[in-house]
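Within every chain, numbering begins at 1; the chains are lettered A, B, ... in the order of the sequence lines, protein sequences first and strands thereafter. This one's a predicted model, so the numbers in the text were calculated from it and none came from an experiment.
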Protein chains: 2
Amino acid sequence: MADDDLVFKALADPSRRFLLDLLHARDGRTLTELESELEMTRFGVAKHLKVLEEAGLVVTRRSGREKLHFLNPVPIRQIHDRWIDKYTERHVTALLDLKNALEEEP
Amino acid sequence: MADDDLVFKALADPSRRFLLDLLHARDGRTLTELESELEMTRFGVAKHLKVLEEAGLVVTRRSGREKLHFLNPVPIRQIHDRWIDKYTERHVTALLDLKNALEEEP
DNA sequence: TTGACATGTGACCTATTGGTCTCATAACTT
DNA sequence: AAGTTATGAGACCAATAGGTCACATGTCAA
């Protein structure tokens, strides 16, 4: 399977995106710790983490019997750069900054 | 289905990503024109375009019997912002700029 | 070394998805 | 009006993906 296909397939599942949210909030967690945040068996979570790791969205490091998981932002940025050039980026960020500002002020 | 789920599901298919590539290169194309670029029947392409449109990745405008398709970069940028904060962005862009520079110079 | 803890593998079932086809509507051209 | 062009809706089938389970390996602590 092509590299980018692995990334997009990995992002296509809501549980996996939630795992990325968890790791974005705090890195270096174990499978068991992440498992407690999802309503799913350990096996399901392990499968999802494996998909994320094979896509390069999550990087791991072993520490004894534990496996620590870290978020890797590089593939996300590459998605961005595929369809948003520097010129367009200025417009889009300005638009979204305005949107966020308006949503914060009631 | 949740908004972000539609976007990620839409991006999960290589044919749909190729359609976005085509629209990124040149906007405002019709179904028939896009169809000629894929090795697939018109019905398949139409289905993919519908998925992209429902996800908000493609915006359309009718002109007589033709339907013109345009790329909308906003959802892409929102994916980016979900997992890459301003601080991380500086590091990642610097890293990727370096990578691209090295690949261009042999 | 014995038991508890943390993770890994592969089979299995069900639900979803990609792609094609038949049928149908609407608009331009002459 | 008639023929052609551009698109739309829904049935259908094969392939894929999400989730659980039984079973297994490696690691820590007493």
Side-chain angles (χ1 to χ4, degrees), chain A residues 1-23 26-71 75, chain B residues 1-23 26-71 75:
Chain A
M1 182 144 46
D3 264 29
D4 69 325
D5 207 40
L6 287 174
V7 173
F8 288 105
K9 288 268 166 53
L11 290 174
D13 183 86
S15 300
R16 287 196 286 268
R17 292 196 297 275
F18 183 60
L19 285 169
L20 292 182
D21 290 338
L22 291 174
L23 292 178
R26 183 163 51 81
D27 255 335
R29 307 206 212 189
T30 67
L31 165 61
T32 316
E33 185 179 355
L34 292 167
E35 171 208 338
S36 67
E37 305 266 2
L38 299 227
E39 305 203 335
M40 191 188 302
T41 62
R42 179 174 58 79
F43 308 99
V45 179
K47 226 174 193 178
H48 284 308
L49 285 172
K50 188 184 177 195
V51 173
L52 288 169
E53 188 176 356
E54 286 173 347
L57 285 161
V58 162
V59 177
T60 61
R61 181 165 58 83
R62 287 212 81 104
S63 165
R65 61 181 162 181
E66 292 184 336
K67 188 175 181 183
L68 308 181
H69 298 77
F70 301 86
L71 174 63
Chain B
M1 182 145 44
D3 263 31
D4 69 325
D5 207 40
L6 288 174
V7 173
F8 288 105
K9 289 266 166 55
L11 290 174
D13 182 86
S15 301
R16 287 195 287 266
R17 292 196 297 274
F18 182 60
L19 285 168
L20 293 183
D21 290 338
L22 291 174
L23 292 178
R26 183 163 50 81
D27 256 336
R29 307 205 213 189
T30 67
L31 164 61
T32 315
E33 185 178 355
L34 292 167
E35 172 209 338
S36 68
E37 305 266 2
L38 298 227
E39 304 202 335
M40 191 186 303
T41 62
R42 178 173 60 80
F43 310 100
V45 178
K47 226 175 193 176
H48 284 308
L49 285 172
K50 189 185 176 194
V51 173
L52 288 169
E53 187 175 356
E54 285 173 347
L57 285 161
V58 163
V59 177
T60 62
R61 181 164 58 83
R62 286 213 80 105
S63 165
R65 60 179 164 185
E66 292 185 337
K67 189 175 179 183
L68 308 180
H69 298 77
F70 301 85
L71 174 64

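Considering OG1 of T32(A) and CD of E66(A), their distance stands at 7.0 Å, rounded to 0.5 Å. For the atom pair NZ (K47(B)) and OG1 (T41(B)), the distance works out to 9.5 Å, reported to the nearest 0.5 Å. Atom CG of L34(A) and atom OG of S15(A) lie 12.0 Å apart (nearest 0.5 Å).
In terms of the side-chain hydrogen bond (donor to acceptor under 3.5 Å, both in side chains) criterion, residue partners of T60(B) (sequence neighbours excluded) are, by chain and number, E53(B). For H48(A), the side-chain hydrogen bond (donor to acceptor under 3.5 Å, both in side chains) test picks out R16(A), with sequence neighbours left out. Residues passing the side chain to side chain contact (heavy atoms under 4.5 Å, CB included) test with F70(A), sequence neighbours excluded: D27(A), R61(A), L68(A). Listed by chain and number, the residues in a side-chain hydrogen bond (donor to acceptor under 3.5 Å, both in side chains) with R26(A) are E33(A) (sequence neighbours excluded).
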Please set out all donor-acceptor pairs under 3.5 angstrom arising from side-chain atoms of residues 3-12 of chain A, sequence neighbours excluded.
| residue | atom | partner | partner atom | Å |
| --- | --- | --- | --- | --- |
| D4(A) | OD2 | R82(A) | NH1 | 3.0 |
| D5(A) | OD1 | R17(B) | NH2 | 2.7 |
| D5(A) | OD2 | K9(A) | NZ | 3.2 |

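Smallest separation of non-hydrogen atoms from E35(A) and M40(A): CG-O, 4.4 Å. Between L31(B) and V45(B), the shortest heavy-atom contact is CD1-CG1, 3.7 Å. Contact record, L71(B) with L57(B): CD1-O, 3.6 Å, taken as the closest heavy-atom pair.
Nearest-nucleotide positions on DNA chain D place K67(B) closer to the 5' end than the other of K67(B) and D13(A).
Pairs passing the salt bridge (Lys or Arg N to Asp or Glu O under 4.0 Å) check and including a residue from residues 36-46 of chain A, sequence neighbours excluded, read R29(A)-E37(A).
Within residues 29-38 of chain A, the residues having any heavy atom closer than 4.0 Å to DNA chain C are, in order of number, T30(A), L31(A), T32(A). Taking a 4.0 Å limit (strictly below) on heavy-atom distances, residues 55-66 of chain A reaches DNA chain D at G64(A), R65(A). Of the residues in residues 42-53 of chain B, those placing a heavy atom less than 4.0 Å from an atom of DNA chain C are F43(B), G44(B), K47(B), H48(B), in numerical order. Near DNA chain D, meaning a heavy atom under 4.0 Å away, there are no residues from residues 15-23 of chain B.
Each end of the helix from dT1(C)-dA30(D) to dT30(C)-dA1(D) gets its own axis from five base pairs, and the two axes differ in direction by 40°, given to 10 degrees.
When DNA chain C is scanned in the 5' to 3' direction for atoms under 4.0 Å from non-hydrogen atoms of chain A, the outermost contacting nucleotides are dC5(C) to dA11(C).
The nearest whole Å value for the distance from the CG atom in L11(A) to the C1' atom in dA17(D) is 15 Å. Between L6(A) atom CG and dT16(D) atom C1' the separation is 14 Å, expressed in whole Å.
The shortest side-chain heavy-atom distance between H69(A) and T30(A) does not fall under the 4.5 Å cut-off. The shortest distance between side-chain heavy atoms of L20(B) and V58(B) falls below 4.5 Å.
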